[in-house]
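Below is one structure, written out as structure tokens; the observations come after it.
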Amino acid sequence: MNAIKMIKSVAIAALLASGSAMAAPVELLLNGGFEANPQGNGSWAIYSNLSDWTGGAYGIELRNNVAGVAAEGVNFIELDTTHNSSISHDVLTGLGQQYTLSFQFQDRPGVDTSSQGLAVTWGGGAVDSVNNSLGGGWESRTYTLTGNGALMSLKFTAIGTDDSLGTSLDNVSLTTAVPEPETYAMMLAGLGLVGFAARRRKAAK
């Protein structure tokens, strides 16, 4: 086993050994409730991007007390702007690291269900497609996502009829737990052992 493989093995073993020794979840989204962008009460506007989020080809519609009220705070968004659009946030993930995604959504009141719906993807792979199956009110969803050790995109896309009357989105959260200090200590100790073994092999040649 070469040094790199040994380092990976030690790191994985340390994380597994930590078991329940995990710190409180860390929120990765700085603007999951879309409150960082000011929007006047009773108004709406379409933006190319929002703080911490990248908009799709037709931007992001930010609303405050228009065609509904926010699930949390005062702002919420719709992704069927002038056409079906999207919103995304890139995350530098850990290999095999698990993340918890939660969000709330609501179909636009008084609009046919065919106009509604959001597709959720993670790293380009489908997570789910949702619409307001309960009818009225905000619904919540929670998912467990897995990192691949590279940059991955969390993305929401409007998928209903392209008619500017789509599903609302609010209160998006993406969290991960970080190891306690004891876990880091185990990893450092393991790396030290790897270095020691490598030096011994070199000296023996």
Side-chain angles (χ1 to χ4, degrees), residues 25-91 93 99-145 152-176:
V26 175
E27 179 59 60
L28 302 179
L29 302 178
L30 301 178
N31 189 27
F34 313 110
E35 303 296 326
N37 298 86
Q39 186 68 42
N41 182 38
S43 71
W44 63 276
I46 296 175
Y47 299 87
S48 297
N49 304 294
L50 293 178
S51 177
D52 205 37
W53 293 96
T54 301
Y58 300 102
I60 306 158
E61 183 175 311
L62 183 66
R63 303 207 301 259
N64 180 336
N65 201 27
V66 174
V69 296
E72 181 179 75
V74 296
N75 289 347
F76 60 107
I77 66 168
E78 181 184 312
L79 297 175
D80 187 352
T81 57
T82 56
H83 297 281
N84 281 344
S85 192
S86 65
I87 190 170
S88 62
H89 176 91
D90 291 338
V91 180
T93 65
Y99 302 84
T100 300
L101 167 67
S102 64
F103 59 90
Q104 292 178 271
F105 64 98
Q106 179 185 44
D107 284 357
R108 190 168 179 133
V111 176
D112 189 80
T113 187
S114 64
S115 293
Q116 315 297 326
L118 294 171
V120 188
T121 59
W122 171 246
V127 174
D128 201 1
S129 295
V130 299
N131 58 28
N132 219 176
S133 58
L134 297 180
W138 289 90
E139 291 188 46
S140 301
R141 292 287 188 276
T142 300
Y143 306 88
T144 298
L145 310 177
M152 299 182 73
S153 179
L154 171 64
K155 187 174 184 179
F156 296 86
T157 304
I159 56 174
T161 303
D162 193 358
D163 58 5
S164 303
L165 303 171
T167 297
S168 300
L169 176 67
D170 197 8
N171 200 21
V172 184
S173 172
L174 183 68
T175 62
T176 184

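Without hydrogens or angle criteria, T161 side chain to S114 main chain gives a donor-acceptor distance under 3.5 Å. The backbone N or O of T142 sits nowhere less than 3.5 Å from a side-chain atom of S102 that would complete a donor-acceptor pair. At least one donor-acceptor pair under 3.5 Å links the side chain of D162 to the backbone N or O of N84. Between the side chain of Q106 and the backbone N or O of S168, no donor-acceptor pair lies under 3.5 Å. Distance alone, capped at 3.5 Å, places no donor-acceptor pair between the N171 side chain and the G33 backbone. The backbone N or O of A158 sits nowhere less than 3.5 Å from a side-chain atom of D80 that would complete a donor-acceptor pair. Judged by distance alone, with hydrogens and angles left aside, the side-chain atoms of E61 form no donor-acceptor pair with the main-chain N or O of T81 at under 3.5 Å. Put simply, the side chain of S85 gets close to the backbone of G59: a donor and an acceptor are under 3.5 Å apart.
With D107 as the partner, the side chain to side chain contact (heavy atoms under 4.5 Å, CB included) test is satisfied by one option alone out of V130, L165, N131: N131. Under the side chain to side chain contact (heavy atoms under 4.5 Å, CB included) rule, V74 has a single partner from V69, N41, N64, which is N64.
For the residue pair L30 and D52, the shortest heavy atom distance occurs at N-OD2, 2.8 Å. T167 and F105 get closest at one heavy-atom pair: CG2-CB, 4.0 Å. Between N75 and E35, the shortest heavy-atom contact is N-OE2, 2.9 Å. Nearest heavy-atom pair across W53 and F34 is NE1-CE2, 3.5 Å. Residue S164 comes nearest to R108 through the heavy atom pair O-NH1, 3.9 Å, listed as atom of the first residue, atom of the second, then distance. Among all heavy-atom pairs drawn from E27 and S173, the shortest one is OE1-OG, 2.5 Å.
The ring pair (Phe, Tyr, Trp, His ring centres under 6.0 Å) test applied to W122 returns Y99, not counting sequence neighbours.
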Could you go through the side-chain contact (heavy atoms from CB on, under 4.5 Å) check for I60 and L79 one step at a time? CA-CA 6 Å; I60 306 158; L79 297 175; 4.2 Å; yes
Side chain to side chain donor-acceptor pair (under 3.5 Å) evaluation trace for Y47 with N37: CA-CA 10 Å; Y47 299 87; N37 298 86; over 6 Å; no
Stepwise, does the side-chain contact (heavy atoms from CB on, under 4.5 Å) test hold for V172 with L101? CA-CA 7 Å; V172 184; L101 167 67; 4.1 Å; yes
Quick one, T121 with T157, criterion side-chain contact (heavy atoms from CB on, under 4.5 Å). Give me CA distance, side-chain angles, the key distance, then yes/no. CA-CA 8 Å; T121 59; T157 304; 5.6 Å; no
Set out, in order, the CA-CA distance, both residues' side-chain angles and the distance that settles side-chain contact (heavy atoms from CB on, under 4.5 Å) for H89 and L29, then state yes or no. CA-CA 8 Å; H89 176 91; L29 302 178; 3.4 Å; yes
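Within the 4.5 Å cutoff, the side chain of P25 has no heavy atoms near those of the T100 side chain.
If you take NZ on K155 and CD1 on I87, they are separated by 11.5 Å, rounding to the nearest 0.5 Å. Taking CZ of F76 as the start and CG of L169 as the end, the distance is 10.5 Å to the nearest 0.5 Å. The CG atom of L174 sits 6.5 Å away from atom CG of L145, with the distance rounded to the nearest 0.5 Å. Remark: L154 CG to L28 CG distance equals 10.0 Å, nearest 0.5 Å.
The aromatic ring centroids of F103 and F156 lie less than 6.0 Å from each other.
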